[in-house]
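Notes for the one structure printed next.
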Amino acid sequence: SSQFTYFILSVSSNLAKQEQSIFELWGHGKCPEELYSSLKNYPVEKMVPFLHSGSTYKIKIHTFNKTLTQEEKVKRIDALEFLPFEGKVNLKKPQHVFSILEDYGLDPNHIPENPHNIYFGRWIADGQRELIESYSVKKRHFIGNTSMDAGLSFIMANHGKVKKNDIVFDPFVGTGGLLIASAHFGAYVYGTDIDYNTVHGLGKASRKNQKWRGPDENIRANLRQYGLEKYYLDVLVSDASKPSWRKGTYFDAIITDPPYGIRESTRRTGSQKEIPKGIEKCPESHVPVSLSYHLSDMFFDLLNFSAETLVLGGRLVYWLPVYTPEYTEEMVPWHPCLKLISNCEQKLSSHTSRRLITMEKVKEFENFSDSFLLQIKL
Amino acid sequence: MRLLTHNLLSSHVRGVGPRGFPLRLQATEVRINPVEFNPDFIARMIPKVEWAALLEAADTLHLIEVPKEPIQGYERNEEFLRKMHHVLLEVEVLEGTLQCPESGRLFPISRGIPNMLLSDEETET
């Protein structure tokens with residue numbers, strides 16, 4: 001079985017807000033005995049880092065479609081005594097949180113005596129910017145200044161309904177973090193980025209103690225590290241506003257985190273004459289970047305490109321930066337061929353946030369009429 | 001760069017439009033890299049392939065045993081799928097160029113990565 005097994009719990013309270021939690025799955029079963037047996041088969045060496053004597057932890061229980069008494073909850077937690085917990089319980093601020101998840105089905109009028117499924121896992125993230133152990137950015141070979149936190153990349157791939165044998169594309173691929181999650185789901189991946197150095201794995205490392213990115217520091221090496229190299233198709237140096245893909249629909253999902261000027265500079269290729277001073281040039285031939293790229297142009301291009309190249313039913317998943325005090329739903333970019341599926345907020349600071357936008361292609365792109373509609377809307 | 005990728009790329013030099021496909025391939029360094037055979041994925045790709053462009057590129061690289069067209073019942077024909085798998089995924093151009101058939105503009109491939117950047121004047125608006 002896979003070295004990294006995750007359970008993504010998705011709870012939708014309404015269309016605008018969707019909460020998700022990611023757990024590292026340690027065991028599951030259709031009854032308690034099956035769960036315990038499954039847990040006994042989980043490699044001890046994978047448990048030890050989170051259960052050792054210096055650590056603190058707590059165990060929570062989530063039940064879906066049923067309420068348990070306190071006594072029932074304590075009983076279930078006590079039943080896990082056979083696990084090699086050596087740390088101390090800390091209910092307020094534990095280092096590690098474990099969860100028992102009991103699934104009693106979806107029908108509130110017919111709640112079964114026993115759960116359909118029970119899962120036990122180590123809680124990883126709640127769709128927030130947290131570091132994730134197994135796909136940790138720290139451990140990953142190749143990072144850039146804005147390496148996507150591993151948990152969020154899984155959520156994005158999940159929103160993109162990425163599945164085996166899909167082709168997934170990231171037009172602002174950077175160091176390839178989003179591709180890893182898609183490859184994990186069995187999709188074959190493409191990426192492009194305007195930055196030659198990033199795509200080739202050259203230049204100053206973002207990790208503090210390193211000076212240069214080594215020859216094996218690139219997106220392909222990243223995938224290789226997780227045993228996912230067979231899903232690497234290609235990466236190209238390319239300007240997302242001037243794509244080089246031929247006419248046709250061949251992407252099942254486009255999953256991306258476009259640059260929005262906060263950390264990485266937002267760029268587009270421009271005329272040679274306008275090069276500002278201090279821009280790094282690569283020894284090999286490439287066109288230096290210079291013009292600033294208006295954010296609205298960028299999203300217009302992204303949605304249009306997605307409408308043209310996604311298969312029908314394919315998804316676009318991307319982050320939209322927002323100045324919170326002025327945000328309204330009208331600001332979410334629109335396209336006649338793409339239907340808005342979800343819009344989830346992540347706060348970045350007191351006045352800024354970003355929104356994870358998911359869209360699905362519901363109509364084939366027809367050049368004239370769709371461009372016309374877009375002009376009116378903007 | 002794999003031949004599957006080459007099959008999806010087109011020149012975006014200003015004024016060229018659909019005549020920018022396919023890019024003319026020239027390779028100075030090619031590597032054959034085994035990739036795990038996944039018949040389902042290859043079968044999915046067959047309808048997306050522009051066959052004439054694929055044959056042209058395969059010919060440039062002197063590849064043999066390249067199917068001339070999709071055959072009836074290809075989804076279940078392992079021999080056919082294995083040949084396509086090899087052509088589409090296992091042949092990598094490490095160094096070379098891609099040339100716009102209309103304008104002649106060259107896009108370099110180095111370390112297996114094509115560089116498609118053009119200046120503002122050269123591209124479509």
Side-chain angles (χ1 to χ4, degrees), chain A residues 164-167 169 186-188 190-196 198-202 215 218-220 227 229-252 267-275 282-291 309 311, chain B residues 1-14 16-23 33-45 47-50 53 85 88-90 92-93 95 97-98 100 106-125:
Chain A
K164 210 161 147 17
N165 303 327
D166 274 358
I167 294 189
F169 173 54
Y188 290 75
Y190 273 120
T192 61
D193 202 284
I194 202 170
D195 189 312
Y196 183 99
T198 300
V199 177
H200 280 262
L202 305 168
N218 54 32
I219 295 162
R220 187 173 193 156
E229 193 180 353
K230 65 183 175 189
Y231 297 112
Y232 173 89
L233 287 175
D234 268 306
V235 291
L236 300 93
V237 183
S238 173
D239 181 343
S241 71
K242 297 160 186 169
S244 298
W245 304 97
R246 65 157 157 90
K247 191 162 156 49
T249 60
Y250 29 76
F251 295 130
D252 296 285
R267 302 170 313 175
R268 189 168 67 171
T269 48
S271 153
Q272 291 268 1
K273 300 168 213 155
E274 295 162 54
I275 302 164
C282 158
E284 321 237 343
S285 69
H286 80 296
V287 178
V289 296
S290 63
L291 297 177
T309 58
V311 302
Chain B
M1 183 203 68
R2 298 173 210 274
L3 290 189
L4 172 64
T5 310
H6 168 262
N7 203 261
L8 298 175
L9 295 177
S10 180
S11 165
H12 53 297
V13 168
R14 184 196 298 273
V16 148
R19 295 179 310 280
F21 176 84
L23 293 162
N33 199 28
V35 175
E36 186 178 308
F37 176 56
N38 178 349
D40 296 329
F41 177 70
I42 301 298
R44 270 200 95 213
M45 293 304 109
K48 300 182 207 254
V49 170
E50 287 287 337
H85 166 81
L88 291 172
L89 298 184
E90 294 189 324
E92 293 189 56
V93 177
E95 303 288 329
T97 57
L98 296 166
C100 173
L106 289 170
F107 299 95
I109 303 171
S110 68
R111 285 181 275 248
I113 298 171
N115 183 342
M116 310 305 292
L117 295 180
L118 290 171
S119 68
D120 216 28
E121 288 107 15
E122 289 179 283
T123 56
E124 307 263 328
T125 37

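For B:N7, the parts lying near chain A are the backbone and the side chain together; criterion is any non-hydrogen pair under 4.5 Å. Heavy atoms of B:E50 lying under 4.5 Å from chain A belong to its backbone as well as its side chain. Contacts of A:F251 with chain B are absent, with no heavy-atom separation under 4.5 Å from either backbone or side chain. Only the side chain of B:L89 comes within contact range of chain A, with at least one heavy atom under 4.5 Å from a heavy atom of that chain. With a threshold of 4.5 angstrom between heavy atoms, B:R2 approaches chain A through its backbone and through its side chain.
Shortest non-hydrogen contact noted between B:D40 and A:N165 is CB-ND2, 3.4 Å.
In this structure, the side chain of B:E90 engages the main chain of B:V35 through a donor-acceptor pair within 3.5 Å.
Your options are A:E229, A:R220, A:K164, and the one with the most heavy-atom pairs under 4.5 Å with chain B is A:R220.
The aromatic rings of B:F41 and A:Y188 lie parallel to each other, their planes meeting at an angle below 30°, with 60° marking the opposite boundary.
Separation of atoms NZ (B:K48) and OG1 (A:T249) is listed at 6.0 Å; rounding is to 0.5 Å. In this structure, B:L8 CG and B:L23 CG are separated by 11.0 Å, a value rounded to the nearest 0.5 Å.
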